[in-house]
Amino acid sequence: MEYLFGENFMWGGASSGPQSEGRYEGDGKMPSVWDYWYETEPGRFFGGVGPEPAADFCHNYKNIIAAMKEAGITSYRTSLQWSRLIKDREGTVNEEGVRFYQAVLDELEAQGIEPMFCLFHFDMPMYWMEKGGFENRETAEAFADYAEMCFGLFGDRVKYWMTFNEPIVVIEGGYLSGFHYPAICDAKRGALAAYHMQLASSMAIERFRRSEKEGKIGIILNLTPSYCREEAGTEDRKAAEITDLLFNRSFLDPSVKGEYPKALKELLRSEGILPKASEEDLRVIHSNTVDFLGVNYYHPRRVAARSTAWEGPLMPEKYYEEYTFEGMKMNTSRGWEIYEKALYDIAVNIRDQYGNIPWYVSENGMGVQEEERFLDKNGVVEDDYRIAFIRDHLKWLHKGITEGSNCFGYHLWCPFDCWSWINAYKNRYGLIRVDTEDGCSLQPKRSAAWFKQVSSSHKVSD
Ligand code: BG6
């Protein structure tokens, strides 16, 4: 069977500044939380590998962009690093950082690849972290200033902007589960930081609209549908509603509808962790909703009511437990379930519950450990598993689009292998292999030619 996508559908790739760029001599970059964390606790990072040189995009961006073009990538989302664009604590522009991103834009333009810029991908400058990160409202103001600076610097060339990537992961990782800095477990502080992140996003949108630049602005959220067992009872469904509130709707509703769900506010109030919001802040959130949504989707959440009472510190897990079942399809490298139909469910949910706002898949992909196992005699990774993964997700996405969901693109994470935070280079996601043992040299995998074929024909075939 054949699945046809529209002529204007965007076939893109997604990456981020911290995971691709690395550093170069005299780049004037300030430390972000990742630089600091690696310097102080390198043992937390898989294989002791830190954010240098990532995929060496700083030195090799021309070759990487050419290789992406060759793999059929027609739009590229990355993130600007706040810590690269300011050179001191007063927020003075780092001209070297500006030159770098302008050069990247020149190259994307030369190759006919549409740039899409996100303003923050987990990478708080250490200076602002020391001031409390997003627990401090001043950081939200500073973020809006930085956003405005970026619109001024690049707004004539970039037509797609996104405020944050996966803000809920910043909260989960940093304030609940310990996989991001500051790695504390304090739901009250997390709820405050989440509130200020939403405010920062809305303030940045307000600045964008004031700038009168052409183009659109959105936010990238990792939407993780919750599924109960077929025989689920009321308590299980309640647990699924709560996970949806906490993990999805906490940013989705204020970003798209300008309002927090009442049930979320009640839940946080009942736990004594509802942040105090001023009327003016709520007005900013209400009046500055997104033009479009980026949706990162990797895996679903299988949810049941807890069978035992929660005894630890306050965490979302107080309200649910996850279940597994026979025949669950897994990406064993990452420990994530593969469930392609969720992309259809997301498409329908956005259509029916969120005014059919324009959206795109801003990340989806498969990270695999020790891909060397699949190298053929010519040094090409035969990643048929990745081709199957992408194809099967696209089929379900196609069904959602056919049924009216307003999805305008699919971006693979990541077109080239990149550095994955504390997982470092454990799992490889690319269509293009980056040989970290050999000066980050590039080698297209089998999936690169396949992706090119899909992108040029706008068609997926069984
Ligand atoms: C998303 C992030 O959560 O998932 C990316 O936006 C990340 O930054 C990607 O790399 C894949 O997850 P991981 O942990 O395997 O790199």
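In listed order, ligands and their atoms are each counted from 1.
Assignment of Asn222 to the shell around ligand 1 is not supported, since no heavy atom sits closer than 4.0 Å. The shortest heavy-atom distance from His121 to ligand 1 is under 4.0 Å.
At the shortest separation from atom 9 (C) of ligand 1 among protein heavy atoms lies Tyr298 OH, 3.4 Å. Of all protein heavy atoms, the one closest to atom 10 (O) of ligand 1 is Gln19 NE2, 2.9 Å. At the shortest separation from atom 3 (O) of ligand 1 among protein heavy atoms lies Glu166 OE1, 2.6 Å. Nearest non-hydrogen protein atom to atom 11 (C) of ligand 1 is Tyr429 OH, 3.3 Å. Among all protein heavy atoms, the one lying closest to atom 1 (C) of ligand 1 is Glu363 OE1, 3.0 Å. Among protein heavy atoms, the minimum distance from atom 14 (O) of ligand 1 is reached at Arg334 NH2, 2.8 Å.
Judged by distance alone, with hydrogens and angles left aside, the side-chain atoms of Lys426 form no donor-acceptor pair with the main-chain N or O of Arg334 at under 3.5 Å. Using a distance-only test at 3.5 Å, with no hydrogens or angles considered, no donor-acceptor pair links the side chain of Arg428 to the main chain of Glu372. The backbone N or O of Phe134 sits less than 3.5 Å from a side-chain atom of His196, completing a donor-acceptor pair.
In this structure, the side chains of Leu442 and Arg433 stay at 4.5 Å or more apart for every pair of heavy atoms. Residues Met124 and Tyr181 have side chains not in contact (no heavy-atom distance under 4.5 Å, counting atoms from C-beta outward).
Ligand 1 places these atoms under 4.0 Å from at least one heavy atom of Trp336: 12 (O). Near Ser420, the atoms of ligand 1 lying under 4.0 angstrom from a non-hydrogen atom of the residue are 10 (O), 13 (P), 16 (O). Interface of Asn165 with ligand 1, defined as ligand atoms under 4.0 Å from a residue heavy atom, comprises 6 (O). Of all the atoms in ligand 1, the ones that sit under 4.0 Å from a non-hydrogen atom of Trp421 are 5 (C), 7 (C), 8 (O), 10 (O).
With Tyr360 as the aromatic partner, Arg77 does not meet the cation-pi criteria of under 6.0 angstrom to the ring centre and within 45 degrees of the ring axis. For the pair Lys257 and Tyr354, the cation-pi criterion (under 6.0 Å, within 45° of the ring axis) is fulfilled.
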Would you check, one step at a time, whether the test salt bridge (Lys or Arg N to Asp or Glu O under 4.0 Å) holds for Lys29 with Asp35?
-> CA-CA 10 Å; Lys29 186 180 171 302; Asp35 302 308; 2.8 Å; yes

Before giving the answer on salt bridge (Lys or Arg N to Asp or Glu O under 4.0 Å), spell out for Glu96 and Lys87 the whole-Å C-alpha distance, their side-chain angles and the decisive distance to 0.1 Å.
-> CA-CA 9 Å; Glu96 192 50 41; Lys87 75 169 178 215; over 6 Å; no

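At a 4.0 Å heavy-atom cut-off, ligand 1 does not touch Val169 at all.
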